[in-house]
Amino acid sequence: MASPAVQPTSAPPLAPLPMQRSAARMIFSGLLWGGALLIVLSLWLGYKNPEGSTPVIPWLVAALGIASLGLAIWHAFTLWLLKAPPERTAAALAGQRRATAFALLAGGAAMVVLAAVLAFAAQTGDVDRLATFKANFGESAGLFLLALVALGAGLVLLNPPRDENAAVNLTPVRDLFPVIRIGLFVLGVAAIGTFIALVFIKKVGGDNFPELSGLLLFSMLCLAVGLWLTTIPVPDSFTTRIFVLGFGGSIGLILFIVAIGRAYVWRSHVFGGIATWQGPNAWQLWLCVYLQVFALALMFGSLLLARSDIRGNVVLRRVLFGYAAVVEGLLLFEMLVVANIVFYAMVPNTFDWSDNRGLQALSESSRNLLRELKQPAHVYVLMSQNSVSYNEVRNLLENMRAESDKLDVTYIAPDRMTIDYESLARKFPQILPAGNLMRGDESGRGILIVYGAMPTEEKHNVPYTFIQEKKIYDTLPGGMQGGKAKRVFKGEVEVARELNFLVHGKEKRKVYFLQGDDELDIAITDTVRRIDPRDEMSLFGAAMLVDKLKKDNYEVQGMTFSKTFAAEGKKGKSDILFVGEKEGDKKDAEKKPAAVPKDAYAVIVLGASNTIPPAGLDALGKYMDSGGRMLVLFDMVLTNDVKSMKFSGLEGFVKKYGIESTDEFAIHVVDRGDPFSIIAAGAPESENTLAKQLRRSAVRFRTVRVIRPAAGAGRLKGAAVMLSIPKFTPAVAEKDTSVLKDPLRFLVDLQDQGVLIERMRAPLPLAVGVSEDDKGRMVVFGDTDFVSNLGLAQDRSGENYSLFVSALEWLADRDATFVGPRPKETGSFTLPPAAALESTRIHVVPMWLMLLTIIGSGIGIWLVRRR
Amino acid sequence: MPSSRAIKPRREDTLLTGWESVPETAPSIMREDRPTAARVVAMIGAFLILIGLIPIVAPLMKLPATVIGTGWSFFLITTGLMLVFFHAFVDQDRIFRRLYSGMGLIAIAVAVLVRFLPSASGVGGWFPVIGLPALALGLILLIATARQEPEKGWRTFLVNVLGAVGAAMILAGVGVGLSSRVSGFLPGEGVVHLILGLFFIGAFIGLQDTEKGSYYAGLALGGVGLIAFAGGVIRSALPESAFLVPSGLILIGMGIVYLATCAAVCVDWPIVVLTRRELASNFYSPIAYLLLVGMVLLGWYMFWQFMSTLARASGGDPRMPPQPLFEPIVAQYVFELFLVIVQMFIVPAITMRLLAEEQRTGTLEVLLTAPVTETTVVISKFLGAWMFYLLTWVPWWLNLVALRYMGGEAFDYRPLLTFNVAMLAVGAGFISMGLFFSSLTRNQIIAAVLTFVGMIGHLAAYIMKFRAQLSPGDFWYEVLTYGSFLDLWMNTLEGSFAPRFLLFHISATVFFLFATVKVLEARKWK
């Protein structure tokens, strides 16, 4: 006997496809909205508290947001891209709905936990938990609300989709009408009583006006609805709906009004700007926002309960859909506002796309400086908005602020904000104009920089500095030989320099220039070209370099080990300190050894070619052994018979520190032009910090010697920092100075021997830096000309000085270095004379051609369409 | 070959009474169109060209100076050419077809030859002066003749020539632009190849006999666009790359244009079809041409003022000492109060009819009976109007191209890139606002007035900042600056580009589009 066939268990019937699709579209929109909000929230959390105790929270929130967007994309694929039969699509949507429901439940639970951690996890130490809660109220409450939405949506999605306009069962509410009626009367009376007690007994002030109004309105609503209910003996379903709609909607409206009033009372914090929204009272803003959202949701929820009647009631339908549109609009508006605020706060950069200033307005050195700030720096811009340089200054400072949260900028127009200006002037009198303030006189206008906490008293020790406006902007007239006029913006140079000065405690670092051994003369101001390599460096000047260093807050002093030179110097104008060996006097017969002054930040030698006395070399050795710093610049100085180079003795000295100053020099492989001119840049492969920073700098050396790193003593480590660039100036290294009589012949010979190509391919090391435990100790260049008066005068871009000062700063006991930014020049435009005289042609021709084209096109299209 | 008037028997040959009409007899006689008027126009055109050539040819032949100067010569030649083009488009006579197509082919051959000929300023030095006009001439003549060429073989040849030249120009522009280490290629010759190449390929696509041909050509263009876009982004994103400005932006921008063209040709999504229709409809009415002509004349007036300033600054006026004009000079050309006022009228003129007209005539109901949603309709109308609005700016930039090539002196054009990026966002905000107001009413005038008021509101942000004596750093100063399009214009014309200031206008666009969709949806609620 055959057993009865087992009937397969039939799956629950699927909802119709249109209903599935409609529900899926709503799920898609909700997931998209939620995902976007979560990502914006994660960005904001990361920005608000970059070093918070719970740095993982932004990442987790972002992950939830991405997951939400992923689910949205999944729905979008099934809704719009999946080509499948209707049954399969319906099944796929049902499956997705279930999976999404579980995902939302899990995500909602995770968000509840995250919101709790955010709200109650105290910062380190004994920080008040209430303060933490208040500080994170906006974000944690937002996350919690989203969690509630996710959990609610998850629960709803577990049930099959239903008709959007199906009636909601309100029978339980109708059954409770007798209780509700009494309750409303009680609530109304209690609210009125509370209102009277607060206003007339407790004398609560006007600051609580929104809540008091809300209380009064609520009491009136309760009493009015209570009275209305007494007139209805047997409530039907329609009356129940009207009650829910009217009462719920009105409460929502009252809450909305209260929220607006509260926002007005707290306006200084609600509309206080980004700084306020990140501060301890940020919760006030968020409270108002959430209260408004809650009020709107309450009104919307009340209206939804009436949705079963919209098919038959036009007014109700329009109200419901209209209100839904308003709420959607408000949600979109809220999301856009938050996105704008977050983006505004997170991307404060201003890029410069103009030709003269490059893409980024800030130089690497300024960025390093700003990242290094240990204390807050307050910048006050005391300039009129009509000033020529105002916009440039503003962009500059906005970019600086983007680099460091330690820097804040305040703008005070001295002519209009006189109270603020005078208040500032009492604390920082340096900002006051020097004399009577004349119209157009910019004295008293500029940028004030205060480093450290802002003083509360008029007398204080907080370091500050003031940059006059006239130092920020300059106009260079056009040259006589056709050069064009230029405007020079020196804002970055000035601000970075003064800030650097303040950061280092306003301490002027003293640098000593060795003199008396045929170095560049720091007193000579002439700009004379060194043509003959036999000319000693002492015939040429470095006064321009000294001036620039002084402007950069260095103290400069000449020193010599040569008694004769010191004596000659005293007769002349230069003030050279004699630091050589001194004879004993009557009291102390013992000789005093030569010694570098103890206050020396660094010793600089600019192209010495005369032999330095052994006592001097000993003194330099002791100075270096005691942690000193040296910047040595060699150069090719030939003997009169051109048979060899002159050596000062420093060659052997620097070898002890890991630098090999060879007797090789570089010859540029060129058939025409200067065979001694070599372009060099920072060594591309080097790990040396200085080399890395100099990679974008290109400097032209002349009569340069090859300097190679060698094995140094102890922990000293030498590395090439500047290499020649064979692509621009292919060069070969050579020892034989006699080839200088005919360099071209020498190069032709090398070519004939077939070795020229091979030799000129390799870049030549032209500067070496020595560091000890990553701190700069010595930098040696193979060239000196680039810092001579002529070298600096010819260098319009400022690369030469930048290189020199970078090396000097690298010697500071700091990891990051300060490479001086350069002024930014803006050129002017002039038409060629012929074009200037025929300017009519230039503006008539394009106009005529365009008119013909447009009219011709119109006629053409008309002709085509006519057929 | 249109039909003649119907052949009717003479009344006296019929038995008809007085009030009965004379019956027609089919078929009608067919007769050739006689383009007599077009031929007369062509003759006048040729005559003008000949007269215009005299001042150019006379010095070469060492003849005495003519009464007509070079300025008039240019005027006569260009007018003559326009008249000849008219004839080329109208006359279907085989002789003229062959004549014009031959001239077009020769012009293209000359352009190609000139590009590779050595000159004093290097290989292809004459290309901008001779090659580019020749290419434009060749393009117009080949389009004119190919579109009415009945002989299939010759037509295919002409169309293929257009395609080949276009493909070569685009590939050269993208290929060399991406691989070149010289930053001057794309902002100079490269962008010319990319734009002119698009016109050639556009003509090639438009003249295809089969949809298949257009489809594959469009697809290929999209592929090249994708390469240009991706290549531009990747090269710009490389560490320490200085490619983005201007080469990267040009490649990315043209890549997007190619992709959009590809989408317009190959994709039949409702949004693409409606956008195409909306954009094209602008050119089927005289409003577009009036607006463009107006912008040309306004641009010319501003450019004239600007040129006078430049001439004075450069010593062109002997009565006044030269005053240096500092870069970026483009700011002084573009940013004028007059322009701002004109914008107040241009935006309403473009947007007022978009939905108001459709509602008034009832075509919106018809449109929405098609399987398209309100969102699709709104976005396509927005995109069409937005693209047209951006097009109205083109005459301004062409004036500057003339300054560069006819003035013979380079200037800093990069702030125009920042300004145009800003214009994409600001223009979108304007147009979406106008579209929203157009959706609120059936009356175009009311829509225009509302948009005008909205534009004044935009402007008010700038004015209020000063009237309220606010200072930088104040909350409301920052908020007003954030929403002020004038501040954004001024800053971008100085070359400053702060992305955060664009977000407000993008947000406004999103919000107004959303609101417009809701207004259209509201019809269903009644």
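Chain identifiers are assigned alphabetically (A, B, ...) following the order of the sequence lines, protein sequences preceding nucleic acid strands; residue numbering begins at 1 within each chain. Treat the numbers as computed from the prediction; the structure is a model and nothing was measured.
Using a 4.5 Å cut-off on side-chain heavy atoms (C-beta onward), A/Y344 and B/E478 make contact. Contact of the B/V293 side chain with the A/L851 side chain is registered, since non-hydrogen atoms from C-beta on lie closer than 4.5 Å. B/P499 has its side chain within reach of A/F351: a pair of non-hydrogen atoms, C-beta onward, lies under 4.5 Å apart.
Of the atoms belonging to B/S308, not a single heavy atom falls under 4.5 Å from chain A. Looking at A/I859, the atoms closer than 4.5 Å to chain B (heavy atoms on both sides) all sit in the side chain, from C-beta outward. The parts of B/L325 that come within reach of chain A are both its backbone and its side chain, each placing non-hydrogen atoms under 4.5 angstrom from that chain. Contacts between A/V844 and chain B at a heavy-atom distance below 4.5 Å involve backbone atoms as well as side-chain atoms. Within the 4.5 angstrom heavy-atom criterion, no atom of B/A144 approaches chain A. Heavy atoms of B/V421 lying under 4.5 Å from chain A belong exclusively to its side chain. Interface remark: B/I140 contributes no atoms to any contact with chain A (heavy atom separation under 4.5 Å). Residue contact with chain A, scored on non-hydrogen atoms closer than 4.5 Å, is absent for B/I506. Proximity to chain B involves both the backbone and the side chain of A/E328, based on heavy atoms less than 4.5 angstrom apart. For A/I412, no part lies under 4.5 angstrom from a heavy atom of chain B.
Note that OG1 of B/T481 and CZ of A/R394 are 6.0 Å apart. Values are rounded to the nearest 0.5 Å. Note that the CZ atom of B/F497 and the CG atom of A/N395 stand 12.5 Å from one another [nearest 0.5 Å]. With values rounded to the nearest 0.5 angstrom, A/L336 atom CG is found 10.0 Å from B/F514 atom CZ.
Ring pair B/F511/A/F333 is perpendicular by interplanar angle, where above 60° counts as perpendicular and below 30° as parallel. Ring-plane geometry between A/W848 and B/F75 is classed as tilted, the angle between the planes lying from 30 to 60 degrees on a 0 to 90 degree scale.
Residue with the most contacts toward chain A among B/T492, B/V296, B/L416: B/V296 (heavy-atom pairs, distance under 4.5 Å). Considering only heavy-atom pairs separated by less than 4.5 Å from chain B, the leading option among A/L332, A/N340, A/T853 is A/N340. Counting heavy-atom pairs closer than 4.5 Å to chain B, the top-ranked of the candidates A/V845, A/V337, A/T410, A/N391 is A/V845. Ranked by heavy-atom pairs shorter than 4.5 Å toward chain A, the options B/F306, B/F504, B/Y284 are led by B/Y284.
Taking all atoms of both residues into account, the shortest heavy-atom contact from B/M82 to A/L852 is CE-O, 3.3 Å. Here the closest non-hydrogen pair linking A/A325 and B/K518 is CB-CD, 3.7 Å. For B/N399 against A/M850, the heavy-atom pair with the smallest separation is OD1-CE, 3.3 Å. Counting all heavy atoms, side chain and backbone alike, A/I842 lies closest to B/F303 at O-CE2, 3.6 Å. Between A/A339 and B/L503, the shortest heavy-atom distance links the atoms O-CD2, 3.7 Å.
In this structure, B/Y289 places its OH atom where more than 12 heavy-atom neighbours from other residues, nucleotides or ligands lie under 6.0 Å away. Shown here is B/W397, whose CH2 atom has more than 12 heavy atoms of other residues, nucleotides or ligands within 6.0 Å. Within a 6.0 Å radius of CD1 in A/I419, other residues, nucleotides and ligands contribute 12 heavy atoms or fewer.
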Show the numbers, then the answer: is there a side chain to side chain contact (heavy atoms under 4.5 Å, CB included) between A/F829 and B/V330? CA-CA 11 Å; A/F829 179 85; B/V330 291; over 6 Å; no
